[in-house]
Each structure stands twice: as structure tokens, then as C-alpha cells.
Undergrad: 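My questions will all concern the structure given below.
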Amino acid sequence: MKKERTLAEPFRIKMVEPLRMTSESYRDGVLREAGYNPFLLKSDDVYIDLLTDSGTGAMSDRQWAGVMVGDESYAGARSWQHLESVVKELTGMPYILPTHQGRAAERILYGLIGGKNKVFLSNTHFDTTRANIEFTGAQAIDLPAAEAADTQSDFPFKGNMDLLKMEREIINRGSENIAAVIMTITNNSAGGQPVSMENMRAVRALCSAHKLMLVVDGCRMAENSYFIRHREPAYANKSYEAIAREVNAMADVFIMSAKKDGLVNIGGVLAMKSEQLYRQCTNLLIISEGFTTYGGLAGRDMEAMAIGLREVFDPDYLHYRIRSTMYLGEQLRAKGVPVLWPVGGHAVYVDAKKLYSNIPVEQFPGQVLVCDLYLKGGIRCVEVGSVMFGKYDKNNCLIPAQHELVRLAVPRRVYTQSHIDYVVDVFDDILELTDKTNGYRIVEEPPFLRHFTARFEKI
Ligand SMILES: *Cc1c(COP(=O)(O)O)cnc(C)c1O
């Protein structure tokens with residue numbers, strides 16, 4: 001077989017940020033000081049940071065030029081008009097509000113339409129989405145497609161909504177109790193898996209039949225468009241932007257953290273079709289975020305976001321983006337590392353329970369892998385397993401999470417192919433450790449979202 005040509009980046013480097021190289025014994029010391037929780041490490045001690053793809057991307061020279069011409073007027077700023085026109089075009093919606101990040105838009109929207117006895121249905125609620133919904137007293141129900149349960153099958157759209165379950169929930173609960181249906185695109189909490197146009201259309205039809213509000217959480221709408229174009233034959237000749245417009249046009253409300261496909265380090269968007277809802281959202285925005293033409297952002301942030309929302313649809317960029325994430329997954333799989341399949345848009349997930357099969361889940365195999373990757377290679381990533389989602393029964397026994405995964409999230413336009421090859425190489429060292437039998441115990445944990453600040457001890 002002919003070797004595939006190296007995937008070279010469709011950009012060159014104009015400014016560099018030096019990275020500090022550290023030794024394994026140095027990392028051993030700082031990891032112990034951080035209580036074996038890489039969230040508590042200093043970023044200066046990290047070589048390749050795959051903790052998250054949120055707000056960690058690199059801006060282009062055009063975006064930095066936009067920063068310089070940002071209009072900092074309190075009201076009616078030029079940069080706001082630029083952002084508004086781009087979002088109007090992408091969503092087809094007449095009412096647009098800026099927010100400082102995604103969860104601010106969520107708090108405003110779900111604060112208004114949520115409340116006790118209300119129910120939200122989603123292909124999978126992202127954790128801030130769920131938190132904002134549950135904070136209002138409402139219930140958030142995940143209805144991921146059945147195909148998503150098999151982590152090794154090739155099913156192309158594992159981010160889809162389960163349509164039969166959705167219909168059943170609507171009928172059982174009564175459509176008047178359902179505040180909204182939320183389609184998260186791509187499906188972040190389900191491995192960054194895409195949603196098909198066909199599934200979107202069916203969800204829209206069900207929402208229309210039962211008069212339900214449809215919200216699109218489009219944080220990664222460009223990445224999703226890439227998958228639709230390459231996996232749904234009818235879309236093979238459509239532009240990525242046209243595909244995103246078609247998806248967004250089906251929604252009543254569009255919500256987005258621009259820290260993902262906005263290609264900026266901070267920012268969010270809330271867009272809608274209803275004037276009445278817009279008036280209500282405006283009131284809350286002014287109380288908490290700021291006036292309607294800046295919403296917690298500087299003019300320069302909005303300028304960079306407007307430019308980023310166009311750049312993200314560049315075919316060369318998107319091909320590089322999706323292929324480079326896939327490359328990491330393919331290389332790891334070829335080495336025999338158990339990887340969630342197919343690879344999603346923004347991250348590669350490793351099945352740590354399979355990799356460290358001798359470590360009991362009570363000793364957190366995912367946390368072991370996270371620590372070993374830091375120790376061996378200075379790579380930082382996050383456990384998505386029983387540290388993050390585990391619960392305890394009344395005898396204080398762990399009720400483990402469904403999977404013990406480790407997420408390697410890939411920041412946009414930050415690391416080169418050789419950085420990724422380096423990560424792949426570090427897994428050679430990891431594979432030598434997999435007959436380990438001991439993991440970690442938690443020695444200190446907060447009551448909520450413990451994965452951020454918990455401390456561990458080696459067993
Ligand atoms: C990141 C994210 C959010 C929240 O956005 P922030 O900017 O982090 O507040 C909401 N939904 C999804 C799908 C996300 O990935």
C-alpha cells in the first residue's frame with residue numbers, strides 16, 4: 001500500500017510561544033505536589049496541553065489585525081455590527097445577542113424557559129448546559145442514538161438523537177411540559193460525534209408536530225458540517241458554510257460558545273427567531289453581561305470572533321482540523337491503544353479500563369493514564385470516567401461511570417504534526433506500563449465537580 005502523504009498544516013508560523021522541556025524526575029515532583037491531579041499543575045510545567053479545545057486555539061494574523069481595529073464604543077460599535085451580520089448570515093435569525101462565553105448564553109436562555117416541572121430533551125446535554133437547566137429546577141434528559149453505545153462500530157453519526165425515545169418522552173411527559181429540545185452539534189459529551197442532516201430534519205419534524213422549541217448548540221457547527229459533507233452523499237458538493245446554514249435554519253434558537261468553532265479565546269452568541277423571547281433575553285443580558293451591543297466582550301473580541309466565524313469554514317482549515325484529530329486516533333489504534341471509534345471532531349478518547357485492565361475501577365484507571373501521560377511525556381489531558389462522573393451508594397461504595405475514558409482534546413491550529421507524532425510516541429512508554437495493578441485513591445474532594453480540585457494518593 002502506498003504511504004499516505006504527510007498531513008502538513010495549511011498555515012505557517014509567524015509568532016512562536018516557547019515551550020519548556022522538563023525531565024521525568026521534575027514532572028514526578030510537580031505531579032506529586034499537585035496531588036496527582038493535572039488540573040492543579042502550572043501550565044508552564046506542561047509540554048503538550050490536551051486538556052481542552054475550549055478557548056485554547058490560535059488566532060490568525062487577520063484576527064490579530066481585527067483586534068487592532070476593534071471598536072470599543074459602548075453602544076452601536078462597528079465590531080458589533082460586523083459580528084451581528086456574520087451571525088445573521090450563518091443562522092438566518094434576525095435577533096442576535098453577544099455573551100462573554102457559551103454558558104452565559106445558556107444561563108439567560110434556560111433561566112427564562114426552564115423552571116420546576118419543565119423537561120429538556122437532548123442528544124446529550126453538555127455539562128454546563130445540564131448545570132444551567134438543573135439550576136432552574138428543570139430536568140435534563142439525554143437521548144443519544146442507540147448506535148453510540150457500541151464504542152467500536154463504524155456508524156458515521158453517533159452524535160444523533162434517538163428519535164423513537166424522543167417521541168416516547170414527548171408523549172409520556174406531555175408536550176406542554178417540555179421546555180425545549182436541544183441538539184448539541186457536534187455532540188461534545190458523546191465523544192465529539194457528529195449529527196446527520198437526516199437526523200436534524202427528523203428532530204425538526206417532531207418538534208414542529210408537537211409545537212416544541214428547537215435549540216441548536218452549535219459550538220462545533222463547522223466540524224459537524226465537515227462530517228455531513230463527507231458522510232452524507234447528498235451533501236458531497238455543498239459548501240461547509242451552506243451545510244451549517246441549513247442546520248441552523250431548522251432551529252428556533254441558536255446558542256454557541258465561540259471558544260470552539262469561533263476560533264477565539266473568549267466569546268459566545270445567542271440568536272433567535274422570536275422577537276418576544278429576544279426582548280426577555282435582552283433584559284437579562286443587560287443586568288448580567290452588559291449592553292446588547294457588547295454583552296461582556298470588548299470590541300476587539302467581537303471583531304476577532306466575526307473573522308474567526310468565517311475562517312473556520314475554510315475547506316483547507318477544516319480538512320486539516322478533522323484529519324489531524326483523526327490521525328492521532330488512527331496512529332494510537334494502530335499501536336493497539338483502545339480508542340473510541342470513529343474518532344470525533346475535536347478529541348480522541350482512550351478506553352483506560354481496557355488499557356489498564358488489571359486496575360480496578362475503584363482505583364481509577366483513567367486517572368492512572370492521565371498521570372502516566374504527564375509523567376512520561378509532559379502531556380496533559382483529562383479523565384472522563386469515575387473521577388468525573390462516579391457516585392457513591394449509602395455504604396460509600398463507588399458506583400462507577402459507564403466508561404473509564406481519557407480525553408485528548410486537540411486545540412485548534414496550535415500543535416504541529418510533529419507534536420502529534422510525539423504524543424503517539426509517548427504511548428509506546430505507556431504500553432509498557434499496562435500490566436500495572438495499582439491506581440489511586442482520593443484523599444481530598446469538594447462536593448461538586450470534584451475532578452477539578454480533588455487530590456489523590458498512590459495505592
Ligand atoms: C463549551 C461548551 C459549552 C459552554 O461554553 P463555555 O464557553 O465554556 O461557557 C456549551 N455547550 C457545548 C457543547 C460546549 O462544548
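All ligand and atom numbering here is 1-based and tracks the order in the structure.
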Undergrad: Can you pull out the closest protein heavy atom to atom 11 (N) of ligand 1? Residue, atom name and distance to 0.1 Å, please.
TA: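 The answer is Asp217 OD2, 2.7 Å.
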Undergrad: Tell me whether the centres of the aromatic rings in Tyr110 and Phe120 are closer together than 6.0 Å.
TA: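 They qualify: ring centres under 6.0 Å apart.
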Undergrad: Quiz question: by atom type and distance under 3.5 Å, do the side chains of Thr128 and Glu106 form a donor-acceptor pair?
TA: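 There is such a pair (donor and acceptor under 3.5 Å, judged by atom type) between the side chains of Thr128 and Glu106.
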Undergrad: Does Thr184, backbone or side chain, put an N or O under 3.5 Å from an N or O of ligand 1?
TA: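 In fact, backbone or side chain, Thr184 has no N or O that close.
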Undergrad: Are Arg229 and Tyr240 in a cation-pi setup, meaning NZ or CZ lies under 6.0 angstrom from the ring centre and within 45 degrees of the ring axis?
TA: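 That pair qualifies as a cation-pi contact.
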Undergrad: How far is atom 6 (P) of ligand 1 from its nearest protein heavy atom, and which residue and atom is that?
TA: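 Nearest neighbour among protein heavy atoms for atom 6 (P) of ligand 1, to 0.1 Å: Gln101 NE2, 3.3 Å.
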Undergrad: Please work out which of His346, Lys260, His100, Lys259 has its closest non-hydrogen atom nearest to atom 15 (O) of ligand 1.
TA: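 Selected option, by shortest heavy-atom distance: Lys260.
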Undergrad: Suppose we screen for side-chain hydrogen bond (donor to acceptor under 3.5 Å, both in side chains). Which residues come up paired with Thr292, at least two apart in sequence or across chains?
TA: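 Partners of Thr292 by the side-chain hydrogen bond (donor to acceptor under 3.5 Å, both in side chains) criterion come out as none, since no residue qualifies.
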Undergrad: Please list, in number order, the atoms of ligand 1 under 4.0 Å from a heavy atom of Arg220.
TA: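 Those atoms are 15 (O).
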Undergrad: In the protein, what heavy atom is nearest to atom 4 (C) of ligand 1, and what distance, to one decimal place, separates them?
TA: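 Here the nearest protein heavy atom works out to Thr128 OG1, 3.3 Å.
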Undergrad: Do the side-chain N and O atoms of His230 and Tyr235 include a donor-acceptor pair separated by under 3.5 angstrom?
TA: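 No pair is found: no donor N or O on one side chain lies under 3.5 Å from an acceptor on the other.
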Undergrad: Between Arg103 and ligand 1, is there a nitrogen or oxygen pair with a distance under 3.5 Å?
TA: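 Yes - when backbone and side-chain N and O of Arg103 are compared with those of ligand 1, one distance drops under 3.5 Å.
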Undergrad: Do Asp421 and Tyr327 pair up side chain to side chain, a donor and an acceptor below 3.5 Å, judged on atom types alone?
TA: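 Result is yes, a qualifying pair exists.
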Undergrad: Below the 3.5 angstrom mark, is there an N/O of Cys219, backbone or side chain, next to an N/O of ligand 1?
TA: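 Such a contact does not occur with ligand 1.
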Undergrad: Going by atom type alone, with no hydrogens or angles, which donor-acceptor pairs under 3.5 Å involve a side-chain atom of residues 111-119 and a protein atom two or more places apart or on another chain?
TA:
from, atom 1, to, atom 2, distance (Å)
Lys118, NZ, Glu176, O, 3.4

Undergrad: Note the single closest protein heavy atom to atom 7 (O) of ligand 1, along with its residue, its atom name and the distance in Å.
TA: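 Heavy-atom neighbour on the protein nearest atom 7 (O) of ligand 1: Ser257 OG, 2.6 Å.
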